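Quick caveat: nothing in here was measured; it's all calculated off a predicted structure. Counting convention: from 1, in listed order, for ligands and their atoms alike. The first residue in the sequence is number 1, and the count goes up from there. Worth knowing before you read on, the calculation uses all heavy atoms, side chains too, and leaves out hydrogens, waters and symmetry mates.
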Amino acid sequence: MKLAEGRPLRRRMMAAMAQQDCGQCGYNCNDYSDAIVSKAEPRLNLCVPGGKETARMLKALNEELEKAPPASSGAAAAPATAAEPGRSRDNPVPATFVSRRLLNKSGSEKETWHIDFDLSGCGLDYVVGDSFGIFARNDLGHVDQIIALLGASHTTEVRGKTLREVLIDDVSLAPAPDSLFELISFITGGAQREKARALAQGEDPDGDAATLDVMASLQKFSGVRPHPEAFVEALEPLQPRLYSISSSHNATPGKLSLTVDCVRYVVGKRKRFGLASTFLAERIKPGDQLKVYVQKAHGFALPQDPKTPIIMIGPGTGVAPFRAFLLDRRATGAPGKNWLFFGHQRSSCDFFYADELNAMKTSGLLTRMSLAWSRDGDKKFYVQDRMREVGRELWTWLAEGANIYICGDAKRMAKDVERALVDIVAQFGARSTDEAVRFVAELKKKGRFQQDVY
Ligand SMILES: Cc1cc2nc3c(=O)[nH]c(=O)nc-3n(C[C@H](O)[C@H](O)[C@H](O)COP(=O)(O)OP(=O)(O)OC[C@H]3O[C@@H](n4cnc5c(N)ncnc54)[C@H](O)[C@@H]3O)c2cc1C
Ligand SMILES: NC(=O)c1ccc[n+]([C@@H]2O[C@H](COP(=O)([O-])OP(=O)(O)OC[C@H]3O[C@@H](n4cnc5c(N)ncnc54)[C@H](OP(=O)(O)O)[C@@H]3O)[C@@H](O)[C@H]2O)c1
């Protein structure tokens with residue numbers, strides 16, 4: 001926000017976003033800010049990685065926008081386009097959940113699932129590199145605990161449905177929105193009211209604000225029982241989640257698979273769980289339908305020339321789109337060389353798709369496979385450490401025109417891998433660090449270095 005001071009509103013709105021172009025809001029960050037400024041998009045709470053901080057800042061900037069004369073926004077009103085069914089979060093279609101299979105073996109600290117869907121009913125297709133958006137449903141037990149805290153009946157009618165149905169299908173029960181604290185402040189008094197008001201303004205009076213999901217908020221202000229209608233109105237709509245597709249439509253038409261790491265953690269004495277990952281891991285049953293859409297990748301795809309070699313770096317669930325790339329290249333008979341860097345915690349239990357990948361190596365589809373196990377030895381060993389070990393060969397592939405791809409954790413892994421790549425270019429491409437940074441930037445500009453990170 002500091003860097004964007006004095007810039008037009010649309011630039012300041014974009015500055016308030018996480019700027020990962022992750023696509024979870026249904027836009028790239030630039031398009032999302034343009035859509036808000038042009039009033040084509042009224043929702044200010046769609047930036048998932050930016051969370052409540054982005055939503056608060058967008059709300060403040062939007063108040064400025066409301067006061068400003070129309071011309072000062074600097075953006076032309078973009079007409080809202082009706083999205084094709086199944087091609088956007090605003091127009092999902094039903095798909096069938098087929099099965100799940102645990103990818104970790106016993107002894108693992110992770111819980112990662114291979115998930116299969118059948119798209120034949122909805123007729124959706126996709127290309128490798130695309131992501132799949134799913135609308136999950138909240139857990140019934142969790143919903144009923146919230147209804148009990150409200151002192152309400154689950155059959156209370158809200159928005160033409162039962163309270164239970166609304167809480168399962170329509171609203172987010174994760175981080176408590178400012179509007180819930182506002183509501184609580186209106187219906188209580190004294191110190192409670194002051195606390196709720198402070199929380200609604202983004203303050204943290206008791207040092208627990210980051211842990212307050214909807215249930216924890218009701219427990220914190222126990223005895224405050226908002227009316228179910230007002231309560232539901234104060235909550236955020238349930239947002240879809242995106243997953244990198246790990247199958248190829250060319251190889252298995254009508255089928256789609258994902259590789260999903262299950263989010264579970266504990267805060268205080270309460271077990272918390274990620275909405276969509278646990279929905280896929282345990283709540284949805286084979287044959288059940290769910291709402292889905294395909295989110296087209298922007299700049300994450302196989303090279304147009306099937307002869308172009310590719311280097312894929314995907315630790316953990318980052319392997320997902322690369323499994324898809326390999327299956328696609330096999331199905332289409334693409335002759336280009338393929339090099340996969342995969343890593344995870346332990347070789348004995350965290351080698352996802354080991355049989356498949358080893359068979360691809362044996363058949364020659366996978367020209368090279370480089371593995372890095374972070375917890376097998378005394379010291380952490382990551383994919384970028386393996387890359388440095390084979391830096392000379394990696395440079396040779398790049399010099400031959402290979403595309404390079406990274407997928408997985410955005411916060412640390414992707415940055416560290418890019419740093420290693422710069423070092424490799426500097427060392428084996430005989431360049432200064434500045435030249436190597438420019439070389440890597442140029443690879444990005446030419447679309448030869450692509451990322452799908454989250
Ligand atoms: C383009 C894209 C592709 C993706 N591809 C994949 C993929 O292939 N596979 C995959 O598994 N995921 C992928 N993701 C991530 C996925 O979309 C979800 O964010 C993830 O599954 C978690 O969603 P959830 O609903 O289960 O958890 P949520 O209900 O969203 O909960 C997650 C939140 O819980 C909190 N949290 C998590 N762990 C802790 C902790 N230890 N302590 C405190 N708080 C914590 C954090 O606030 C976190 O944001 C992708 C994301 C994007 C944007
Ligand atoms: N918020 C967090 O702290 C956190 C942590 C991990 C993952 N995540 C998220 O969890 C989701 C799924 O993760 P995942 O199952 O795909 O796998 P992951 O937990 O990201 O781990 C995959 C592998 O990457 C290693 N790794 C950790 N830091 C790395 C780094 N800086 N550079 C290279 N490799 C690194 C891990 O090692 P070690 O675990 O042994 O270090 C592990 O071997 C992702 O969305 C990711 O962003 C969040």
Side-chain angles (χ1 to χ4, degrees), residues 18 20-26 47-52 103-104 108-115 129-139 142 172-175 210-211 213 238-246 257-268 270-283 295-298 300 313-324 341-347 350-352 371-377 379-387 406-420 451-454:
Q20 283 181 14
D21 277 345
C22 67
Q24 290 176 93
C25 63
C47 180
V48 177
K52 283 190 354 177
L103 290 169
N104 311 92
S108 176
E109 291 175 38
K110 286 286 211 175
E111 179 192 337
T112 309
W113 296 87
H114 175 82
I115 310 279
D130 289 349
S131 303
F132 198 49
I134 70 144
F135 283 84
R137 291 192 283 274
N138 282 310
D139 175 55
H142 185 62
S172 165
L173 302 176
T211 67
D213 64 356
L238 203 60
Q239 306 268 11
R241 303 290 192 272
L242 283 179
Y243 292 94
S244 312
I245 295 172
S246 58
S257 62
L258 304 178
T259 308
V260 177
D261 181 50
C262 207
V263 174
R264 298 182 199 273
Y265 56 101
V266 176
V267 176
R270 210 182 103 208
K271 285 185 187 158
R272 306 273 180 109
F273 44 87
L275 163 77
S277 56
T278 58
F279 174 69
L280 294 171
E282 64 193 15
R283 293 199 292 286
Q295 172 116 351
K296 211 125 216 50
H298 294 282
F300 192 79
I313 301 149
T317 52
V319 75
F322 302 139
R323 175 179 187 262
F341 286 85
F342 174 72
H344 214 326
Q345 295 182 355
R346 295 180 181 84
S347 55
D350 300 311
F351 190 174
F352 303 160
L371 304 168
W373 307 109
S374 56
R375 302 188 191 188
D376 270 2
K379 268 180 45 198
K380 291 271 175 162
F381 189 84
Y382 291 147
V383 277
Q384 62 271 28
D385 299 313
R386 190 66 79 204
M387 285 166 65
I406 304 180
C407 180
D409 175 51
K411 286 177 210 88
R412 295 155 304 151
M413 183 277 293
K415 293 186 189 105
D416 293 349
V417 167
E418 184 167 340
R419 208 162 296 135
Q451 303 195 38
D452 174 25
V453 296
Y454 41 89

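- Of the polar atoms of Ser244, at least one N or O is found under 3.5 Å from an N or O of ligand 1, judged by distance alone.
- Taking the six-membered ring where the residue is Trp, Phe342 and Trp373 present perpendicular rings, their angle passing 60° and hence far from 30°.
- Between Thr112 and ligand 2, no pair of N/O atoms sits closer than 3.5 Å.
- Against a heavy-atom cut-off of under 4.0 Å, Gln345 is close to the following atoms of ligand 2: 39 (O), 43 (O).
- The ligand atoms of ligand 2 that sit less than 4.0 angstrom from a heavy atom of Tyr454 are 44 (C), 45 (O), 47 (O).
- Leu242 O, 3.4 Å is the protein heavy atom nearest to atom 16 (C) of ligand 1.
- Inter-residue side-chain proximity for Leu103 and Trp113 is flagged as unmet; no heavy-atom pair is nearer than 4.5 Å.
- Here atom 20 (O) of ligand 2 lies nearest to Asp409 when heavy atoms of Val260, Val263, Asp409 are compared.
- Residue Asp261 places at least one N or O, backbone or side chain, under 3.5 Å from an N or O of ligand 1.
- Side chain to side chain, Thr317 and Asp261 fail the donor-acceptor criterion of an N or O pair below 3.5 Å.
- Protein heavy atoms are absent from the space less than 4.0 angstrom from atom 33 (C) of ligand 1.
- Heavy-atom minimum distance, Gly318 versus Tyr454: N-OH, 3.8 Å.
- Looking at Ala320 next to ligand 1, no N or O pair under 3.5 Å apart turns up.
- Using a 4.0 Å threshold on non-hydrogen atoms, atom 48 (C) of ligand 1 does not count as touching the protein.
- For atom 11 (O) of ligand 1, the protein comes within 4.0 Å by at least one heavy atom.
- In summary, Lys296 and Asp130 engage in a salt bridge, as defined by a charged side-chain N under 4.0 Å from a carboxylate O.
- Contacts between Thr259 and ligand 1 below 4.0 angstrom, taking non-hydrogen atoms only, involve the backbone exclusively.
- Considering backbone and side-chain N/O atoms, Ser277 comes within less than 3.5 Å of an N/O atom of ligand 1.
- In terms of protein heavy atoms, atom 22 (C) of ligand 1 is closest to Val263 CG2, 3.8 Å.
- Polar contact with ligand 1: absent for Ser131 (N/O pair, distance under 3.5 Å).
- With hydrogens and angles left out, the side-chain atoms of Arg283 and Thr278 include a donor and acceptor closer than 3.5 Å.
- Of the heavy atoms in Thr317, both backbone and side-chain atoms come closer than 4.0 Å to ligand 2.
- Looking at Ala276 next to ligand 1, an N or O pair under 3.5 Å apart turns up.
- Contact annotation for Trp373 and ligand 2: no heavy atom of the residue comes within less than 4.0 Å of the ligand.
- Contact annotation: for Leu275 versus ligand 1, heavy atoms closer than 4.0 Å belong to both the backbone and the side chain.
- When side chains are defined from C-beta on, Lys110 counts as touching Gln345, because their heavy atoms get closer than 4.5 Å.
- Atom 33 (C) of ligand 2 is approached by the protein to below 4.0 angstrom, counting heavy atoms only.
- Selection from Arg412, Lys110, Lys411 by nearest heavy atom to atom 4 (C) of ligand 2 gives Arg412.
- Here is the list of ligand 2 atoms found below 4.0 Å of a heavy atom in Arg375: 38 (P), 39 (O), 40 (O).
- Short contacts between ligand 2 and Gln384, defined as distances under 4.0 Å to a heavy atom of the residue, involve ligand atoms 30 (C), 32 (N), 33 (C).
- Among the atoms of Phe273, none of the N or O lies under 3.5 angstrom from an N or O of ligand 1.
- Between Thr259 and Ser246 the shortest heavy-atom distance is OG1-OG, 3.1 Å.
- Every atom of ligand 2 with a heavy atom of Lys380 under 4.0 Å away is listed here by number and element: 38 (P), 40 (O), 41 (O).
- Under 4.0 Å is where a charged nitrogen must lie from a carboxylate oxygen, and between Asp213 and Arg270 at least one such pair does.
- For atom 31 (N) of ligand 2, the candidate residues are Ile313, Asp416, Val453, Asp350; the nearest heavy-atom contact is made by Asp416.
- Short contacts between ligand 2 and Gly316, defined as distances under 4.0 Å to a heavy atom of the residue, involve ligand atoms 16 (O), 17 (O), 22 (C).
- In this structure, of Ala372, Gly318, Ser374, Cys407, the residue bringing a heavy atom nearest to atom 37 (O) of ligand 2 is Ser374.
- Residue Tyr265 touches ligand 1 through its side chain alone, judged by heavy-atom distances below 4.0 Å.
- Proximity of Leu280 to Arg241: side-chain heavy atoms (C-beta onward) are nowhere separated by under 4.5 Å.
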